[in-house]
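Fair warning: this is a prediction, and the values are worked out from it, not measured in the lab. In what follows, every chain begins at residue 1, and chains take the letters A, B, ... in the order their sequences are listed.
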Amino acid sequence: MAKIINVIKGTKDILPQDVSSWHRLEETALDVFSKYGYKEIRTPIFEATELFARGVGDTTDIVNKEMYTFEKSDRSLTLRPENTAGVVRSFIENGMARLSAPVKLWYHGPMFRYERPQAGRQRQFHQVGVEMFGVKQPAADAEVILLAVNYLKALGLNDLTVEINSLGCPSCREEYKRKIKEVLKPEFENLCEDCQNRYEKNPLRLLDCKVESCKEIFEKPEIKKVIQADFICDECAEHFSELKFYLNKMGVKYSENKLLVRGLDYYNRTVFEIKSNNLGSQNAVCGGGRYDSLVRNLGGDDVPAVGWAMGMERLNSLLPPVEAEKLDAYIVSNSPADAFMLAEDLRCNGKAVEFDLSNKKFTKQLEKAAKVAKFALILCEDEIKSGTVSVKNLDTSEQKTVNKNEVLTLI
RNA sequence: GCGGGUGUCGUCAAGUGGUUAAGACCUCGGAUUGUGGUUCCGAUAUGCAUGGGUUCGAAUCCCAUCUCCCGCCCCA
């Protein structure tokens, strides 16, 4: 036997019995998002590497060590690790800034990140997400969060936790970062290795370190004072409190988490996450926020934006499996030609119908019918001779012999 | 990238150095030449993630690689 070739690490087949679960996610998305005026967009799976370097940010792990990058004709291309950069690229390239604001887009599809696989994390995984362009007011942030909550609700997920935070704008955040670095400078040598890296890369990330020795350092009064200070400027604070006003008004339950820092560089002001307790350590099903400078950084006009993405595998693992649909009918016949004609006729009338192509014995065919269909349509010598079909309800065992053209009224 | 665990049929599993690797489910065939989902019989791993090694003898011990899982990092 020839050597078997396996799926590659961190990737998975979505098998026929699981596809219905994915349809549920996609159909519910189309249904819910449409009500909020979102239009679906489909962008390529790969893009210029530079798009992600500039878009996602070259200090992030995603760009630094997790991208699938390859060269073709002297160009560096990358399998998309997330889709906000791609959607923004398309927004700019197709002149969508000239459309009447807001421009509301949604997408779903595979993303690729070279990470160590574990529960709830694969190298090829799927996201469904939304992006709204052109509204700087906090009502946009609120609508986008409400949309996420209602999408989850429509799927049957009610008990998830929404966490929100404000990262401030570039100027107040830089000031905050500077202060954190300043106050921690004397302790730098005592920080754990990860924190020493974060010190330069993303000081905000220092705050939720789980190492005991670091936690102790952060507990020191003079340091705690800086960390816990409300650093954001008046305008950002106003934006944040308006967002909370809308969320309260709409009955969205949330908690504030000062340690919530999305890992992508492009976020400013609002960031949020929706978490589940039933997912192990990869517990976020949704993450997003505002990214007012991304469109400009990628060469477009100054267009504010806000959006989020959800991990579809994680959603599916929280949802009960979808029951397989049975066929409307399975034809039991020892005459393939007659079975063919009856099946085609019913299929043309919108019914899902199959019959045994290998002409097995009667009992085997009926056994199969009971397994896969709601009705068995028996079409053997007697029926063929008289132009009838015996219609058997496989749940109740009721059977009725009717004229061929009456079958449709029974199944 | 770092640390820990794991791997026997399509699936769930027994087996922990000694003749032909239990069992269950699924699948297929038969009992049953036109009535199923209950029952009864039978079939299905020269093979134990892969490759080496130790041994008279290995699914069982050792080494390497791979997979999946758990934690860290990070993220959806």
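- Only the C1' atoms considered, B/rU32 is 24 Å distant from B/rC25, to the nearest whole Å.
- Counting any heavy atom pair closer than 4.0 Å across all strands shown, A/Asn6 reaches no nucleic acid atom.
- Taking the C1' atoms as reference points, B/rU8 lies 9 Å from B/rG15, given to the whole Å.
- Spacing between B/rC40 and B/rG23 at atom P, rounded to whole Å, works out to 16 Å.
- Across all strands shown, B/rC28 forms a Watson-Crick or G-U wobble pair, both distances under 3.5 Å, with B/rG42.
- What separates CD1 of A/Ile331 from C1' of B/rG36 is a distance of 17 Å, to the nearest Å.
- Remark: the separation of the C1' atoms in B/rA58 and B/rG42 is 32 Å, to the nearest Å.
- Between A/Arg42 and A/Glu40 there is a salt bridge, with a side-chain nitrogen of the basic residue lying less than 4.0 Å from a carboxylate oxygen of the acidic one.
- Side chain A/Thr363 to base B/rG34: no donor-acceptor pair is found below 3.5 Å.
- We find that CD of A/Glu381 is positioned 14 Å from P of B/rU33, with the value rounded to whole Å.
- The phosphate of B/rU27 (OP1 or OP2) has a side-chain N or O of A/Lys371 nearer than 4.0 angstrom.
- In this structure, NZ of A/Lys368 is placed 14 Å from P of B/rC26, rounded to the nearest angstrom.
- Counting only residues at least two apart or in different chains, salt bridge (charged side-chain N to carboxylate O under 4.0 Å, His left out) contacts with residues 309-335 of chain A comprise A/Asp328-A/Lys374.
- Atom CG in A/Leu366 sits about 7 Å away from atom P in B/rG36, given to the nearest Å.
- Taking atom P in both B/rG30 and B/rU16, one finds a spacing of 39 Å when rounded to whole Å.
- A/Glu367 contributes no side-chain N or O that forms a donor-acceptor pair with the base of B/rU35 under 3.5 Å.
- B/rG7 and B/rA14 have their C1' atoms separated by 16 Å, with the value rounded to a whole Å.
- A/Lys275 has a carboxylate O that lies under 4.0 Å from a charged side-chain N of A/Glu163, or vice versa, which qualifies the two as a salt bridge.
- With a cut-off of 3.5 Å on both Watson-Crick or G-U wobble distances, the partner of B/rG34 is given as none.
- For the pair A/Asn359 CG and B/rG34 P, the computed distance is 12 Å after rounding to whole Å.
- For A/Lys364, no side-chain nitrogen or oxygen approaches OP1 or OP2 of B/rU27 to under 4.0 Å.
- Within the 4.0 angstrom heavy-atom criterion, only backbone atoms of the sugar-phosphate kind lie near A/Lys360; the bases stay farther away.
- A side-chain donor-acceptor contact under 3.5 Å links A/Arg54 to the backbone of A/Asn297.
- The aromatic rings of A/Tyr176 and A/Phe231 sit parallel, their planes meeting at an angle under 30°, below the 60° perpendicular limit.
- A salt bridge does not link A/Glu398 with A/Lys392: every distance from a Lys NZ or Arg NE/NH1/NH2 to an Asp or Glu carboxylate oxygen is 4.0 Å or more.
- As rounded to whole Å, 11 Å separates atom P of B/rU11 from atom CG of A/Leu15.
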Next item on the list: Take nucleotides 71-76 of chain B nucleotide by nucleotide from the 5' end and write B, S or -, depending on whether a protein heavy atom sits under 4.0 Å from the base, only from the sugar-phosphate, or from neither.
Entry: BBBBBB
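- Checking each of A/Thr409, A/Thr401, A/Ile378, A/Leu410 against A/Val391 for a side chain to side chain contact (heavy atoms under 4.5 Å, CB included) leaves exactly one that passes, namely A/Leu410.
- Atom-to-atom, CZ of A/Phe375 to P of B/rG36 comes out at 18 Å; the value is rounded to the nearest Å.
- Nucleic acid contact for A/Leu315: none, since no nucleic acid atom lies under 4.0 Å from a heavy atom of the residue.
- The separation of B/rU44 from B/rG4, taken at their P atoms, amounts to 43 Å, rounded to a whole angstrom.
- The gap from the P atom of B/rC70 to that of B/rU54 amounts to 38 Å, rounded to the nearest Å.
- In this structure, A/Lys385 atom NZ and B/rG34 atom C1' are separated by 12 Å, rounded to whole Å.
- Syn is the glycosidic conformation of B/rG47, whose angle stays within 90° of 0.
- Of the charged side-chain nitrogens involved, none lies within less than 4.0 Å of a carboxylate oxygen, so that A/Lys185 and A/Glu182 do not count as a salt-bridged pair.
- Between A/Arg113 and A/Glu82, no side-chain nitrogen of the basic residue sits less than 4.0 Å from a carboxylate oxygen of the acidic one, so the salt-bridge criterion is not met.
- Looking at A/Gln365, its side chain has no donor and acceptor atom pair within 3.5 Å of the base of B/rG34.
- Nucleotide B/rA64 is matched to B/rU50 when pairs are restricted to Watson-Crick or G-U wobble geometry with both distances under 3.5 angstrom.
- Judged by distance alone with a 3.5 Å cut-off, a donor-acceptor contact links the side chain of A/Lys392 to the base of B/rU35.
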